[in-house]
There are 2 protein chains.
Amino acid sequence: MQTEEEILKIKKVKNTAVRMVVLRHLLSLEKAQSLKDIENALPYTDRSSIFRTLKTFEENKVIHSIEDGSGMTKYAVCAEGCNCDPKDLHYHFYCTNCDKTFCLFDVPIPNIQLPKNFKLQQANMVVKGLCDNCNR
Amino acid sequence: MQTEEEILKIKKVKNTAVRMVVLRHLLSLEKAQSLKDIENALPYTDRSSIFRTLKTFEENKVIHSIEDGSGMTKYAVCAEGCNCDPKDLHYHFYCTNCDKTFCLFDVPIPNIQLPKNFKLQQANMVVKGLCDNCNR
DNA sequence: GCATTTACCGCAACTCGATTGCAAAGATTA
DNA sequence: TAATCTTTGCAATCGAGTTGCGGTAAATGC
Ligand SMILES: [Mn+2]
Ligand SMILES: [Mn+2]
Ligand SMILES: [Zn+2]
Ligand SMILES: [Zn+2]
């Protein structure tokens, strides 16, 4: 497991107080976080600073964003070695009961046979249902 | 191919002027439409009426919605016999160049092996890239 | 070290897609 | 017909996301 400093260094993002605290927060939880989630968790940090931090992180592939259909974009730390290429694609699971969104790094994504002449660049694959905790 | 009247009858949605014109518009195009798209195409119909019509259609499985990451929810008419169950799932393709979103009814969705105790209910699978028209 | 330039931060304002309250118009039922 | 329920149009509101700007901090050049 890499430290916040190591991650930022590898991804060539300057280390600042806001960036450290945002990245630490994202690393501390197993589920993807929305801007609002982070804002609530970091009451002394300004929303727009968090927003710009997330943009910077995403541009530099520190994190990736997920559109889970909940109305708020969620963010999760990229796996070590991730370049946000199609090969780094993974499913996301959105629990319709507890509203958590998970990265399913371990579920393989099969090859998608697109129609003739369509070119794959990226994907946003969100599977919805009940998580193990809510499915009882 | 079913007519608008037939579709609404089968799905038990009362036939009104606004509903007819919205459904006709959705049927007339091969790509999924946003509320704004429909509003622009139907300048004499009020936005909130279109909005409520789309909600009614979605609840009654006349149409399904797609979150393609463009910031606007898109809507497309369900295929004949669709119940919006997991078995009716299909990929959507979002062209990053021309901003069109297509239902890929013909591309099979493989079985997704979720982690233990996770239950699949729905999915929003958006593949992004260049459509055949833009990929030259 | 000190001046200059660049990057980052906090605050407030704003954008825009989505949603809602409400009253009028239309359809249905008794 | 009268009462009731549904649909529609208009205007207002909500809220996530985004931006302008001035101040502070860090980096760069001398
Ligand atoms: Mn992920
Ligand atoms: Mn579709
Ligand atoms: Zn859950
Ligand atoms: Zn295209």
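So that the names make sense, note that chain A is the first sequence line, chain B the second, and so on, each numbered from 1. This one's a predicted model, so the numbers in the text were calculated from it and none came from an experiment.
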Below the 4.0 Å mark, does [N] have OP1 or OP2 next to a side-chain nitrogen or oxygen of [X]?
| X | N | result |
| --- | --- | --- |
| Arg19(A) | dC8(C) | yes |
| Lys55(B) | dT19(C) | yes |
| Thr73(A) | dG17(D) | yes |
| Lys36(A) | dA16(D) | yes |
| Arg52(B) | dT8(D) | no |
| Thr16(A) | dC9(C) | yes |

Nearest-Å distance, [atom1] ([X]) to [atom2] ([N])?
| X | N | atom1 | atom2 | result |
| --- | --- | --- | --- | --- |
| Ile50(A) | dC8(C) | CD1 | C1' | 14 Å |
| Arg47(B) | dA12(D) | CZ | P | 12 Å |
| Met20(A) | dC8(C) | CE | P | 15 Å |
| Leu8(B) | dA27(C) | CG | C1' | 16 Å |
| Ile38(A) | dA16(D) | CD1 | P | 14 Å |
| Asn15(A) | dA7(C) | CG | P | 17 Å |
| Leu54(A) | dT18(D) | CG | P | 11 Å |
| Glu59(B) | dT19(C) | CD | P | 12 Å |

**Item:** Phe118(B) ring center within less than 6.0 Å of Phe93(A) ring center
**Value:**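 Between Phe118(B) and Phe93(A), which both carry aromatic rings, the centre distance is below 6.0 Å.
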**Message:** Can you tell me which nucleotide in dT18(D), dA27(D), dC10(D) comes closest to the side chain of Asp46(B)?
**Reply:**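 Side chain of Asp46(B) sits closest to dC10(D).
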**Request:** From the options dT28(C), dG17(C), dA13(C), select the nucleotide whose nearest atom is closest to the side chain of Met72(B).
**Result:** dG17(C)
**Item:** Pair of N/O donor and acceptor under 3.5 Å linking dC11(C) base with Ser48(A) side chain
**Value:** yes
**Fill in**
Of Val18(A) and Lys74(B), the one whose closest nucleotide on DNA chain C sits nearer the 5' end is Val18(A)
**Message:** Main chain of Ser70(B), side chain of Asp68(B): is a donor-acceptor contact present, judged purely on distance under 3.5 Å?
**Reply:**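 The answer is yes, because a donor-acceptor pair under 3.5 Å joins these two groups.
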**Prompt:** Checking Lys11(A) side chain against Lys61(A) main chain: does a donor-acceptor pair fall under 3.5 Å?
**Reply:**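 Answer holds: yes.
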**Message:** Let me spell it out: for each of Lys14(B) and Tyr44(B), pick the nucleotide of DNA chain D with the closest heavy atom. Which residue's pick is nearer the 5' end?
**Reply:** Lys14(B)
**Prompt:** What distance do Thr45(A) atom OG1 and Arg19(A) atom CZ have between them, rounded to the nearest 0.5 Å?
**Reply:** 13.5 Å
**Request:** Identify which one of Gln122(B), His90(B), Lys74(B), Glu58(B) satisfies the side chain to side chain donor-acceptor pair (under 3.5 Å) criterion when paired with His64(B).
**Result:** His90(B)
